[in-house]
Amino acid sequence: MSELNLILLGPPGAGKGTQAARLRDDFDLPYYATGDILREAVKEESELGGEAKSYMDRGDLVPDDVICRVVVERVDSDEARDGFILDGFPRTIPQAGELEGALRGLGRRLTATLLIDAPDEEVIRRLSGRRVCKENGHTYHVEFDPPKNEGFCDSDGSPLSQRDDDEAETVKHRLEVFHAQTKPLVEHYEKEGVLRRFDGTRAPDEVNGHIRATLATLRLEEEL
Ligand code: AP5
Ligand code: MG
């Protein structure tokens, strides 16, 4: 079977993590979410966490060299031999260049960049209501996807809390950063012919259905 080397691209709160959880079940691929990796590093107070914390608290991007190191190592690992899902990377043109260079060096290429799009007002509504479990990062929304027991995770029972960077002012800044630094990647991947667009304002299962249909078509095309 051909490799699936996938990127999830989109504004904060568009549903990248929500879709990734479904795609991981569907395709059994390793999942590398740079935001999750960095938050874990901050929690562990590792060297990487120390480098990243102040940028993340402000809603700024961490420097390209810091994050590229983290990702290239994983893409070049044994578990990612048959493919990977990257969520939140690349986020700048230099990061995209690093990834393409690394893949080229391994004789591989991107299968698709999946753009999940949502307007700013929707992002603000989603992030103000997002709740995340302390143990495993399972994600809920107080209105759109509430847990059965308010304040506690359905899967592991751990308490739910808000992400530090989901505070209103920080969300506003994260959106500005997305428009200035990450949006140019849309055109970049369009030119490369690997961009696939999805309407992130649809219900999660509907977005998942569209993504699966697109990936099935891509695989058929590769096998022809
Ligand atoms: P990161 O963790 O990647 O944050 P983000 O890109 O801002 O995206 P989010 O995780 O907030 O949103 P999401 O799209 O995953 O949405 P979700 O599925 O949770 O990055 C955090 C920080 O790390 C950055 O600011 C930066 O500092 C640093 N960083 C990370 N990568 C970096 C890089 N490459 N370079 C430099 N710095 C980097 O959904 C959101 C909410 O909406 C949830 O409540 C969910 O339940 C709900 N929801 C989801 N889908 C739907 C739907 N279809 N309908 C209704 N509700 C929905
Ligand atoms: Mg996420």
Side-chain angles (χ1 to χ4, degrees), residues 7-24 31-42 48-49 51-72 74 85-99 114-133 137-147 153-154 160-167 170-183 185 198-211:
I7 291 174
L8 285 167
L9 179 67
K16 302 182 295 294
T18 301
Q19 291 306 320
R22 290 168 161 77
L23 289 175
R24 287 166 76 182
Y31 169 58
Y32 306 123
T34 44
D36 292 350
I37 293 169
L38 293 171
R39 275 185 291 281
E40 193 57 37
V42 169
L48 172 66
E51 285 177 300
K53 187 174 184 329
S54 62
Y55 296 97
M56 295 176 78
D57 286 346
R58 288 194 301 272
D60 279 326
L61 298 182
V62 307
D64 287 338
D65 61 320
V66 172
I67 197 71
C68 285
R69 252 181 6 233
V70 169
V71 173
V72 168
R74 286 173 168 78
I85 304 172
L86 279 175
D87 166 358
F89 184 95
R91 253 175 155 100
T92 64
I93 294 284
Q95 290 180 17
E98 278 285 326
L99 178 65
L114 313 173
L115 170 65
I116 304 178
D117 215 355
D120 289 6
E121 319 82 71
E122 179 67 15
V123 162
I124 290 165
R125 207 166 27 239
R126 286 187 187 178
L127 296 188
S128 62
R130 173 164 59 184
R131 298 291 181 272
V132 182
C133 92
H138 296 120
T139 300
Y140 300 85
H141 190 282
V142 289
E143 193 183 334
F144 309 134
D145 182 20
C153 180
D154 292 347
L160 303 180
S161 63
Q162 265 192 294
R163 240 167 72 172
D164 291 342
D165 61 350
D166 280 350
E167 192 260 322
T170 318
V171 168
K172 218 172 108 203
H173 185 61
R174 284 162 62 199
L175 275 167
E176 287 163 2
V177 169
F178 172 77
H179 289 294
Q181 300 190 51
T182 306
K183 206 107 187 251
L185 289 178
F198 302 91
D199 179 358
T201 64
R202 306 281 181 149
D205 285 344
E206 209 178 325
V207 181
N208 174 252
H210 291 160
I211 294 177

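Note that ligands are numbered from 1 as they come in the structure, with each ligand's atoms numbered from 1 the same way. All residue numbers in this chain count up from 1 along the given sequence.
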Can [X] be said to touch ligand 1, with heavy atoms closer than 4.0 Å?
X	result
Gly13	yes
Arg58	no
Arg163	yes
Asp60	yes
Arg202	yes
Gly200	yes

Any N or O of [X] that comes nearer than 3.5 Å to an N or O of ligand 1?
X	value
Pro12	no
Tyr55	no
Tyr140	yes
Arg174	yes
Phe144	no

Between [X] and [Y], is there a side-chain N and carboxylate O pair less than 4.0 Å apart?
X	Y	value
Asp64	Arg91	no
Asp166	Arg174	yes
Arg125	Glu121	no
Glu167	Lys172	no

- Item | Asp60 and His173 side chains, donor-acceptor separation under 3.5 Å |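 A donor-acceptor contact under 3.5 Å links the two side chains.
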
- Message: Is it true that, when you exclude Arg22 itself, more than 12 heavy atoms of the residues, nucleotides or ligands shown sit nearer than 6.0 Å to its CZ?
- Response: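 Enclosed.
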
- Query: Are more than 12 heavy atoms from other residues, nucleotides or ligands located less than 6.0 Å from atom CG of Asp164?
  - Reply: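 No, because the 6.0 Å sphere around CG of Asp164 holds 12 heavy atoms or fewer from other groups.
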
- Among all protein non-hydrogen atoms, which one is nearest to atom 22 (C) of ligand 1, and what is the separation to 0.1 Å?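 Of the protein heavy atoms, Met56 CE, 4.1 Å lies nearest.
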
- Under 6.0 Å from the six-membered ring centre of Tyr55 and within 45° of its axis: does the NZ or CZ of Arg58 meet both?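 The answer is yes, since Arg58 meets both limits relative to Tyr55.
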
